[in-house]
Amino acid sequence: MPDAQPLTQAFFARPVVTVAKELIGCKLLFAGCGGIIVETEAYDHEDPASHCYGGRTPRNASMFGPPGHAYVYRSYGIHWCLNFVCGRLPKHGEMASGVLIRAIEPTDGLELIEERRGTRDRRKLCSGPGRVCQALNITKVQDGQPLDQPPFSVLRRARRHDIVIGPRIGITRAAETPWRFGMAGSVFLSRPFA
DNA sequence: CGTAGGATTTTCT
DNA sequence: GAAAATCCTACGG
């Protein structure tokens with residue numbers, strides 16, 4: 001079997017909903033720690049729930065940069081959350097989009113992940129956007145970094161998976177938009193789908 | 001099983 | 001001043 005193929009920036013330079021779906025089953029690694037992506041959410045420039053909806057600010061500047069890079073933001077003043085910057089139309093300039101990485105199934109660097117998370121409960125290690133960043137030690141330092149270069153790598157999925165779809169979590173505006181995607185049957189989701 | 005409150009940065013009103 | 005793309009702990013049924 002050949003090694004899993006790293007996804008290049010071209011993979012991310014497409015419509016954000018497409019990328020969010022195709023990321024399910026892909027593998028995210030950061031400095032030797034990571035696992036299979038099992039839950040994502042899409043956010044785009046026409047979306048009242050997105051950080052980029054109101055235009056560029058110091059916090060969301062990375063989302064207005066090139067696709068295939070990280071956007072890391074502080075959530076509720078406490079946690080870090082990781083997004084993959086996705087496609088936008090250059091002619092529109094001030095548009096941006098991103099995929100929030102909500103949960104992964106940890107497979108690599110388990111010992112280090114358990115230490116950072118303070119638990120050995122497999123289902124609580126990386127099941128939630130704040131947990132993912134704590135487990136992989138991703139912080140503001142990674143904001144704007146390219147996803148196709150170390151210490152990041154995102155590997156193409158080994159096979160297709162059934163996808164479940166639902167409304168996004170923790171938002172009030174555009175709360176009905178079904179842009180949350182998950183791997184069917186996974187026990188590593190942040191929350192079950194309806 | 002459920003609900004409630006606190007921690008604390010960034011943005012907007 | 002309040003809300004936010006969250007998580008943890010405590011306490012009640």
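Protein chains get the first letters and strands the later ones, always in sequence-line order, with residue 1 at the start of each. If you're wondering where the values come from, they're calculated on a predicted model, not measured in any experiment.
The residue among A:H79 and A:P58 whose nearest nucleotide of DNA chain B lies closer to the 5′ end is A:H79. Residues A:R117 and A:G98 both approach DNA chain C. Their nearest nucleotides, taken by heavy-atom distance, put A:G98 toward the 5′ side.
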task: Could you walk me through whether A:R14 and A:E22 pass the salt bridge (Lys or Arg N to Asp or Glu O under 4.0 Å) test, one step at a time?
output: CA-CA 11 Å; A:R14 296 181 298 147; A:E22 292 189 14; 2.9 Å; yes
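Stacking of A:R102 on the aromatic ring of A:F181 is not recorded, the 6.0 Å distance cut-off and the 45° axial limit not both being met. At least one cation-pi condition fails for A:R122 and A:F188: the charged atom is not both under 6.0 angstrom from the six-membered ring centre and inside a 45 degree cone around its axis. Cation-pi check for A:R74 over A:Y76 is not met; the charged atom does not lie both under 6.0 angstrom from the ring centroid and within 45 degrees of its normal.
A side-chain donor-acceptor contact under 3.5 Å links A:S62 and A:D143. Under the 3.5 Å distance criterion, with hydrogens and angles disregarded, no donor-acceptor pair is assigned to the side chains of A:Q134 and A:R116.
Taking CD of A:E105 as the start and CE of A:M183 as the end, the distance is 7.0 Å to the nearest 0.5 Å.
Stem regions for DNA chain C, each three or more consecutive Watson-Crick or G-U pairs with both distances under 3.5 Å and listed by first number, read B:1-7 with C:6-12, B:9-12 with C:1-4.
Minimum heavy-atom separation, A:C26 to A:R157: SG-N, 3.6 Å. Summarising the geometry of A:C86 relative to A:V99, their closest heavy-atom pair is SG-CG2, 3.7 Å, with the distance given to 0.1 Å.
Of the residues in residues 186-194 of chain A, none has a non-hydrogen atom less than 4.0 angstrom from any atom of DNA chain B.
Nucleotides of DNA chain C lying under 4.0 Å from heavy atoms of chain A occupy a range whose first and last members, 5' to 3', are C:dA4 to C:dC8.
Under a cut-off of 6.0 angstrom, the local environment of CD in A:Q149 is crowded, with over 12 non-hydrogen atoms contributed by other residues, nucleotides or ligands.
In this structure, A:R59 places its CZ atom 11 Å from C1' of B:dC12, rounding to the nearest Å. Put simply, NE2 on A:H51 is 16 Å from P on B:dT9, counting in whole angstrom units.
Within the 4.5 Å cutoff, side-chain heavy atoms of A:E39 are placed close to those of A:S190.
If you take atom C1' in C:dA5 and the same atom in B:dG2, they sit 24 Å apart, rounded to whole Å.
Contacts of A:I171 with the nucleic acid, taken as non-hydrogen atoms under 4.0 Å apart, involve only primed sugar atoms and P, OP1 or OP2.
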